[in-house]
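Read the structure below first, then the notes.
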Amino acid sequence: MNKSMVYLDHAATTPVDPRVVEAMQPYWSHVYGNTSSIHTVGRAALKALDEARRTVADILSCHPTEIVFTGCGTESDNLAVRGVAFAGQRAGRRHIITTPVEHHAVGATVEQLDEMFDFDVTLVPVDGDGRVNPDDIARAIRPDTALISVMYANNEVGTIQSIAEIGKIARARRIPFHTDAVQAGGALDLSVEKLGVDLLALAAHKFYGPKGVGVLYIRRGTELVQAMTGGGHERGHRPGTVNVAEIVGLATALKLAQESRESENARVSHLRDKLVVGVLERVPDVRLTGHPTERLPNSASFAFKGVDGESILLTLDLEGICVSTGSACTTGETEPSFVLKAMGLPREWALGSVRMTLGHATTEADVERVLEVLPAVVERLRANR
Ligand code: PLP
């Protein structure tokens, strides 16, 4: 990548930490065994897999047998939501509680369960900051509720949900509780005991690990119908020959991220706050979207009134600044993001959404560069409308 490029899209993905690349290196052509083979070569691979599982379990404060390695965050969410929903259905429970701001990995899954498999889905609304009220979750519970799924932190606006409070409610009513923690992996506390969750999904590429590998934590005793059938890998939840190199990468990345979590959060949130204050000061008719304080430390998301977010993105890209937008161009006409819609943001604001997510390599100079370029970009785009 061009050295002068300013990359502010760490919520989309992160570069792999060189220490992670190094840790993965032996597991391509040196320790290449199949973890199911009981000979020496297979056992060496299994040892690495066991170690990686222990590392992740320690961070999540759970037992290693509760960790399932998967192919990505989407897969973890699917295995959890489908698995618990179908197990519930077999026991006569067909009601699912979730929110309207979930990532598609959960949102599209519950939609399909609703439309094709006879489930009833309650979407508990969020407030203007994107937060769901735990009391509203409690009120939505029915005798036939099979699953509650609420994301830990939102990918678009960075808002963090009160997972521990919802966890207490779910536990008291003995309802399986899943959280999509894909955006939270590198930045927040992942202790499943403190959070009170039964299922938790992670993806390595959000915390400087490789793409295409994820984790699903499944609390012992949680009933799931296995979505995939095959060999017995990953206790049958994710059959298929195990990707040892990537799993070692995931475990290494998670350990590094969690070890430096406090200092990195402090560093990056300081830069993020500078960026937010600077944008709000220098650009007229802009607001911060998402919760002002209960948000991921690296996340700044804005709505610019009367200007198209995608045009801002493309113009900034020409200036060497990578950001993202929440709006989606589906039928040729840009639609505001469903997250901002659910938060009640008026269309003329929601269409101008831009997300900037900082990371390890982000510097003061990067923030200054954005603050130098962005006001003129927005002014020019508004003038040309
Ligand atoms: N959940 C959230 C909140 C996400 O942000 C993402 C990816 O952006 C996913 C799930 C899906 O993860 P993956 O890309 O690893 O499938």
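Atoms within each ligand, like the ligands themselves, are counted from 1 in listed order. Values below: every heavy atom of this structure, side chains too, minus hydrogens, waters and symmetry copies. In this text the structure is predicted, and so the values were computed from the model without any measurement.
Taking 4.0 Å as the cut-off between side-chain N and carboxylate O, R53 and E66 do not count as a salt-bridged pair. The pair D198-R171 does not meet the salt-bridge criterion, since no charged nitrogen lies less than 4.0 angstrom from a carboxylate oxygen. Note on K211 versus E246: no salt bridge recorded, every NZ/NE/NH1/NH2 to OD/OE distance being 4.0 Å or above. Between E223 and R90, none of the side-chain N atoms (NZ, or NE/NH1/NH2) sits under 4.0 Å from a carboxylate O, so this pair counts as no salt bridge.
Among protein heavy atoms, the minimum distance from atom 8 (O) of ligand 1 is reached at K206 NZ, 2.6 Å. Shortest contact from atom 5 (O) of ligand 1 to any protein heavy atom: Q183 NE2, 2.8 Å.
In this structure, the side chains of L60 and I67 come closer than 4.5 Å at one or more pairs of heavy atoms.
If you number the atoms of ligand 1 from 1 as listed, the ones under 4.0 Å from a heavy atom of A203 come out as 15 (O). If you number the atoms of ligand 1 from 1 as listed, the ones under 4.0 Å from a heavy atom of M151 come out as 3 (C). Each of the following atoms of ligand 1 lies closer than 4.0 Å to a heavy atom of D77: 1 (N), 10 (C). Heavy-atom proximity to T74, at under 4.0 Å, picks out these atoms of ligand 1: 11 (C), 12 (O), 13 (P), 16 (O). For ligand 1, the atoms lying closer than 4.0 Å to a non-hydrogen atom of H205 are 13 (P), 14 (O), 15 (O). Of all atoms in ligand 1, numbered sequentially from 1 with element shown, those under 4.0 Å from a heavy atom of N155 are 3 (C), 5 (O).
For K211, the closest heavy-atom approach to ligand 1 does not fall below 4.0 Å.
Contacts of D180 with ligand 1, taken as heavy-atom pairs under 4.0 Å, involve the side chain alone.
Where the criterion is an N or O separation shorter than 3.5 Å, residue side chain and backbone included, G73 meets it with respect to ligand 1.
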Intermediate values then yes/no, side chain to side chain contact (heavy atoms under 4.5 Å, CB included), F69 and V242:
CA-CA 8 Å; F69 291 112; V242 174; 5.7 Å; no
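Y208 and H360 have parallel rings, their planes meeting at less than 30° on a 0 to 90° scale where 60° marks the start of perpendicular.
Nearest to atom 9 (C) of ligand 1 by heavy-atom distance, out of E102, E75, H103, is H103.
You'll find the ring centres of H10 and Y7 inside the 6.0 Å limit.
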